[in-house]
Amino acid sequence: MLIYKRQYIYIISTLIISGLLLGCSNYLDVDTDTDNSTVAPINQLLPNIGIATSNLVDYNFWSGDMLSVYMHQTVAREEQDQYGTRPNNILLNNDWNNVYLGLTDIETLIQQSEAEGATVYLGIAQLLKAYFMSVAVDMWGDVPFTEATQLTSGVVSPVFDDGQGIYQASLDLIDEAKINLSNPTGLLPGTDDFYYAGSTTKWIKFANTFKLKLLNQIRLSSLFNQTDLDALMAENNFFTSNSDDFQFTHTATVSPQDERNQLFQGAYGGAQVTYYISPWFYEILQGMNPDIHTGNVDPRVPYYWANQLQPGQFPRDQANTVTMDPRADYWDASTGFFTIRFGSIGPDRDGAVPNDATFPGIFPCGGRFDDGLGFARTTASGTGVVPRRILTYDEFLYIQAELMNEGLITGDSGAKLTEAMTASFAKVDQVVAGSGTAQTVPVLSGAPIVTSFIDNVNDEFVAASPDKKLEIIMTQKWVATFGDPMDQYNDYRRTGYPVLANPNGINEYQLDNGDGYPLLDSDTVLNNPFQVTFFWPENELNLNQNAPAQKDPAAFKVFWDN
Amino acid sequence: MKKAYNFWLVLVFFNITIVLAQQKTISGTVSDEAGLPLPGATVLVKGTTTGVSTDFDGNYSIKANQGVTLVFSFIGYGNQEVVVGLSNIINVSMQEDTEALDEIVVTAFGIKRNAKDLGYAVSQIDSEEILDNSEPDLLRSLSGKVAGVNVNFSSGVAGASNQISIRGQTTIGSASQPLFIVDGIAFDNTQITTSSQTTGGGGYESGISSLDPNNIESVTVLKSAAAAALYGSRATNGVIVITTKSGSSRSGDVGNNKLSIKVTSGTYFEEIANLPEYQNKYGQGTQYDFNAGSNGSWGPAFDTLATIPVWNTWIAAFPDVYGPGLIETLPYVAQPNNVKNLFRTGVVLDNSVTASYGNESGNFSVTLSDLAQEGYIPYNTYDRTSFSAGGNFKLPNKVTVGGNLSYSDTNQVGGFFGNNQFAGSASSFARTLWLGRTWDLSIPFTNPITGGSVIPNAGYDHPLWSWKNDQISTESNRIVTNLSIGFPINNNISASFRVGYNKYNLDRRQIRHPQSRASALTGGTLTLDSAIIEDLESTFLLNFDYELTDDLDLSAIAGFNTLQNSFKRDATLGTTFALPDIYTMANTITVSNLLDSFSRKRSVGAFGDVTLSYKDFLFLNGTGRNDWSSSLPLANRSYFYSAASLSLIVTEAFKLNSDVLTFAKLRGGWASVGNDAPAEFLNTTYAGGIPFAAIPVVGNRVSLGDQEITPEFTNEIEIGADLEFFKRRIAVDFTWYKKTTTDLISPVSVPSSSGFTTLNTNIGEMINKGVEIGLTLVPVQTENFKWNSFTTFTKNKNEVTKLVEGLERIRLDPNQIAYAIPGQPFGVFFGSDHARDADGNLLIDQSTGFIWEDPTSKIIGDPNPDFKMGFINTFTYKNWTFGAQFDWRQGGDFQSISVSTLLGRGVTKDTEDRERTHIIPGVYSDANLNVLVDGNGNPIPNTTQIDTNALYFTGGGPSSTWGINSPDGAKVYDGTVYRLRELNLSYNVPSKFLDKTPFGNVTLSLFGNNLWYFAPNVPRYTNYDPEVTSFGSSRIQGIENSSAPTSKRYGFKLSLTF
């Protein structure tokens, strides 16, 4: 029985040990995340929001790809061709997430900077909130706002608010932000502010310029108020040069994350051609369009896109060297410009032409400056170090020209247009200078071809009817903002300008290579109406119980689109 | 006092026999009815504990006195008693037991139960069934063999993981994997996914692949929650209990103080199971016109064009051979074998040695195995080396001690799969199965100038170049060790303690060559991913065994269990290689950290299990358990659950001495199992991001943890019957069950306008109902010939019944069409489809003749099969055995990018008859789907003609057809498939030929796996196997995106025992 006794002791001691474990409840306290922080310093939150701001409606993973096809500056073979963007479009969904996940961070920044009394951070956060929400309204019309980003309070499915109310709230936020920015207290931003490195002067200039942009945008809606516009103009504290531009600076860093311009990453890093340059855009800049800037070649062409083919060089990728059929959907033999047409159903649209196609150039994305010698595209063809432009000084000047032309502010719209175009050329020079390119790139500002180009546009403007004047202003703004298509889409919906290519029209393209393979007008079709807002992302509608039924994007307008 | 009396009687008797007779050595052979030797049969001197076991040849020898009784016993056979007479040789032919279920199964913690006592369904699979095929993967070997168990294959990549589930999906957040218990210790089966399998990941392995099937003694599948209650929360989805040879106390029974050695050696050949049947009439191009840039084969017929210009890429790579003045044109001819020639015949070598030794006081076994598998995809290999040793011993003080240690090392090398179009991704199967019919891929595939791949056109990497240069290699090793001690306290009570440790260590290197299509932005990348998963578990048990009355027995277990899981993972990315051909972190320009995480979970459980048995025919079992888990909120940390089951052996209870119904058992049970959350599920920390321009960034997580979650519960009812007719010539095993899981704990997608994309919470309720049938038939049984047929039937119907307030449906992956929707089965396909009018007519775009897409998503498929059946037939003639397993999967949809691309690219015979036009049956409507009517108000039928190309490839936009650029619904196919899963033929060399050799047993076998399948509802000439999926062991099933097709395997195996 001695053995048994000893075994009882084992058992009892085991039970005691087990009991201790149970009693010791901190044995179970191991569910703590030891790898991440429970606090978010505001000077680390702000740069995160800064990146999200830049990404919003940018290219590559976001809606810029669709916007720029809709605005006929690029062409794609994907669904955005013929204005066919679908509700399940992943880029559209990415931007929706961008808006609301970004807004969650902005709300955290607002709460924390309020709690800490950091008024500059608070002011910036309010401005960015206004920017995010205005973009969301511009994209989709009605979107969640009052109940958005409140999952922590149990709101799983926020209701959709009317766009006009959101705009009003955004305008109010800008005013609040200006007050906060004017009274700096607490922690001040520095290098963590990717836009103005903590300069409250510049942020306030941005606040005013941004407000002017919004007021111009709503000028045809009931929300517009002349008194507000007059007060803002009287304050007269806007951007004064391109050093005030609201833009995100990209770098050449490839890793740990690719910090290069997103359009550069998408265009030069992809193995396929995803950004064909629009032949409509090409022909207008080449002075080939019979209705606008006819015969007036834009000196920015080699800065805007780069031809891999030299002038006169026969295409390589799919051309038939026996029959000398270039097998190109659109190829200008005289320049080497090679692309596809919007709405093309031609037999040569779908081939892989990565070695022949023309690529976005140094100004829009930090790609190659076209020296006319041809090149073979790789990521080494450019630097990708050009800013993501969001709201610039020259854009501000075009806004003023439009408001003058419409009689809402005083001034000479023609002189303002000349000022704006001059600023646009200076912007190209500024971007090129900052790109770190190894190529020798001539300065545009002051060059005789630039002066004569501006003079020619001015002559065209002077001779034009008021409506044609508006068309010229909007067309030049459209040209100048290549690479930032969001406001182009807004402008087009408000004003109907610039005139866009109509695939169902007669001979919308003028190109004639004089060979046996002319462009066939019947090769381009348009089977969809223009989308005046985008589909609400399918993901949101599928998950949100309070979401409305999917819209008809050809009919559902933003409140300011009258 | 009764026992003590007997003891004295035996002693007295024993003394007397010593006087009467000399002890002598009795020897002989124990064989079955067919005369085959039975190794491991027990020979016992009746009334004593003296006994031996037969060796591999069925031979035994035992010292006994004349007049004593020897008891011969063997599982599955009736005991035989023989009185020792004058002869020193006693040969025994055992008779099979009439009750098939009189088998011992391991339920929990090594607790053995007679299957007939159990009130729930248990299936046992012997090692032969797992080993007697050419399949190196354990889970695939289980497919079709157990009713209620569903195995979903992934791809033909050697080493790739597969999904297994028992009685359907019960979780939403992850795949419902059963718990794997190996020798009493949990065996983690995590799949470490380094890169998304949508955008370009590998055919990753999962943890179970480090288990060597050669070392498996038996597998028991506990399908019911009742069976699992003792294992705690982890067992919600059933348990697969694996006993290894080194962990078994049975293997040591073999041998009579004799070492026995078993050697097996298998050599198998592996090929791609099936290729599409290609058309070789039309070449590359569009609209019957040759186009060098086209990916599709919609060009001119081969006899209408003599030559084409030589490919520019060839001129660039080999300027001395191709180009102006050199070879300028190529003949325009078909390349009928360009796809086939990319693949190879792989070889699988599987070798194993097991040595076992046992005597009266214990046993010891050692297994050493090596598997070397070459897949049919060049450069794809899978190797596994494993070693295990263990044994059980009884000490003189009756304390038993057991322990084992195993180590295994696996190495998988494979390519990248998934989508080719995402930035930074490049799939080795991007074009592989739909090569243009003109493309000659046989010239050297490496560009001697750049080191990149040489292909005729652009847009992908040459498959062979990709497999050679873009590689994922994963090395894993696992150490499992456990120790158990058992000691009797008195005649009725015994105690045992077991502690086990299981460590899985994974190291992966993913190389993207600088010239890879995926490296355009980066200049090449190297990703290192390392994970350590540790399980530490201890269990203390007290076993009680009481004979309450002559008729009523009580056995009970009280236990206590602690469990700790730790998970550590680090990943590093190196970008841009400095020097070519050196794939080290040191050779990259920048190195960044991708992941650096650690999490731990602990749980403690106390449990009890009571079984009452009445007269060997009525059994009542009850269990209860309380768990305390670290992953739940403090207030909800403790939870209790219980189970009860009853079984009645009708034939025994009512003394039905029928010759027809020879055995009948009815059983029923109810069980509840609670479940906790994954570690750090409630986490609300901020997430640090990658610094931009060296400025640190931090933001909110995209997921939010609900701080008030409660445990999830699964309640299950099951009833069943085991019936045997004509002494097991017919046996039926039937089970019906209904499983309801409430308060499902899961991450759930929420609308991002809520501020987050994911909420970790209790999200809903799910029901699984199903039927499992196992039917054994022995149509023929003679002395020399036996035909045994075993059929399994598995039907499970899953329904998501409720989701959290405010949520209509949950998307399982933002890029895939799999959803959880109330009223629908889990994983149902929901997405875009062709628009139809109220009468179901397709709505046609008048200008194009294509079908409008419905902008509103709808349900477009269900990946869950209607049922699965397995037919296993075994024919034994003398020493020959022939077996075949035929599987039938009815229904279950799958979405296939491969099938739609094969059609869209015009490469298979499906699209060969193309020189004609088509009119899609339907009616015209406008873009807003309003049906157009004629003057009489009637819908206008479609009369717009389209060509064959447009039938399978449209340019994108709001109207489309089938194939490429069509809505989701047009790419969904019915997955019904009939398959010859296994074939085997083996010959057991008669022992008379082996008398003069050192061998005890020699068996030669031929095996074939997946030699044939037929999927009637998949476009005919694509020959696509519906079993291929892209997401490995994850919860997303039935979705295929440019995956590697399945493989077939055939070969031979030799096994020898000494």
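What you see is a predicted model; the values in this text were computed from it and never measured. Chain identifiers are assigned alphabetically (A, B, ...) following the order of the sequence lines, protein sequences preceding nucleic acid strands; residue numbering begins at 1 within each chain.
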Shortest non-hydrogen contact from [X] to [Y]?
{"X": "Leu929(B)", "Y": "Glu853(B)", "value": "CD2-O, 4.4 Å"}
{"X": "Pro537(A)", "Y": "Asn93(A)", "value": "CB-OD1, 3.6 Å"}
{"X": "Ser857(B)", "Y": "Asn542(A)", "value": "OG-ND2, 4.0 Å"}
{"X": "Asn60(A)", "Y": "Gly266(A)", "value": "OD1-CA, 3.5 Å"}
{"X": "Ser630(B)", "Y": "Asp31(A)", "value": "O-CB, 3.2 Å"}
{"X": "Glu107(A)", "Y": "Thr149(A)", "value": "CG-OG1, 3.8 Å"}

A side-chain contact here means heavy atoms from C-beta on lying under 4.5 Å apart; do [X] and [Y] qualify?
{"X": "Thr572(B)", "Y": "Leu594(B)", "result": "no"}
{"X": "Trp96(A)", "Y": "Trp140(A)", "result": "yes"}
{"X": "Asn88(A)", "Y": "Ile90(A)", "result": "no"}

Inset, instruction - Answer yes or no for Arg569(B) and Phe598(B): cation-pi contact, defined as NZ/CZ to six-membered ring centre under 6.0 Å and angle to ring axis within 45°. - result: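 Here Arg569(B) fails the 6.0 Å and 45° test against Phe598(B).
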
Structural part of [X] lying under 4.5 Å from a heavy atom of chain A:
{"X": "Thr848(B)", "result": "side chain"}
{"X": "Asn700(B)", "result": "both"}
{"X": "Leu704(B)", "result": "side chain"}
{"X": "Ile810(B)", "result": "backbone"}
{"X": "Asn312(B)", "result": "side chain"}
{"X": "Pro309(B)", "result": "side chain"}
{"X": "Glu680(B)", "result": "both"}
{"X": "Thr286(B)", "result": "side chain"}
{"X": "Asn683(B)", "result": "side chain"}

[options]: which one forms the most heavy-atom pairs within less than 4.5 Å of chain B?
{"options": "Asp348(A), Thr379(A), Asn36(A), Asp552(A)", "value": "Asn36(A)"}
{"options": "Val254(A), Asp325(A), Ile345(A), Asp317(A)", "value": "Asp317(A)"}
{"options": "Ala52(A), Ala148(A), Pro158(A), Gly154(A)", "value": "Pro158(A)"}
{"options": "Ala352(A), Gly50(A), Ser255(A)", "value": "Ser255(A)"}
{"options": "Gln550(A), His250(A), Arg316(A)", "value": "Arg316(A)"}
{"options": "Gly384(A), Ser157(A), Gly102(A)", "value": "Ser157(A)"}

Max heavy-atom pair count under 4.5 Å with chain A, selected residue of [options]:
{"options": "Ile589(B), Thr590(B), Val698(B)", "result": "Val698(B)"}
{"options": "Gly831(B), Ala927(B), Ala693(B)", "result": "Ala693(B)"}
{"options": "Ser597(B), Ala679(B), Ser603(B)", "result": "Ser597(B)"}
{"options": "Gly699(B), Ser749(B), Ala458(B), Ser832(B)", "result": "Gly699(B)"}

Side chain, backbone, both or neither: which part of [X] has a non-hydrogen atom closer than 4.5 Å to chain B?
{"X": "Val39(A)", "result": "backbone"}
{"X": "Phe145(A)", "result": "neither"}
{"X": "Val155(A)", "result": "backbone"}
{"X": "Thr191(A)", "result": "both"}
{"X": "Pro47(A)", "result": "both"}
{"X": "Thr32(A)", "result": "backbone"}
{"X": "Glu538(A)", "result": "side chain"}
{"X": "Pro347(A)", "result": "both"}
{"X": "Thr249(A)", "result": "backbone"}
{"X": "Leu103(A)", "result": "neither"}

Inset, instruction - Decide if the gap between the ring center of Phe692(B) and the ring center of Phe248(A) is smaller than 6.0 angstrom. - result: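 Yes, ring centres under 6.0 Å apart.
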
Inset, instruction - Keeping to residues at least two apart or across chains, list the salt bridge (Lys or Arg N to Asp or Glu O under 4.0 Å) pairs with something in residues 692-706 of chain B. - result: Asp33(A)-Arg701(B)

Legend entry - side-chain contact (heavy atoms from CB on, under 4.5 Å) between Leu46(A) and Asp193(A), worked out: CA-CA 7 Å; Leu46(A) 179 63; Asp193(A) 169 6; 4.1 Å; yes

Legend entry - Asp289(B) and Arg327(A) ion-paired at < 4.0 Å: yes

Legend entry - ring-ring contact (aromatic ring centres under 6.0 Å, His included) involving Phe830(B) - partner list, sequence neighbours excluded: Tyr819(B)

Inset, instruction - Take Asn97(A) and Ser752(B) through the test side-chain hydrogen bond (donor to acceptor under 3.5 Å, both in side chains) and record every step on the way to the result. - result: CA-CA 6 Å; Asn97(A) 286 349; Ser752(B) 56; 2.7 Å; yes

Inset, instruction - Decide yes or no on side-chain contact (heavy atoms from CB on, under 4.5 Å) for Gln564(B) and Arg600(B), but give the supporting numbers first. - result: CA-CA 7 Å; Gln564(B) 170 179 296; Arg600(B) 174 166 281 172; 3.4 Å; yes

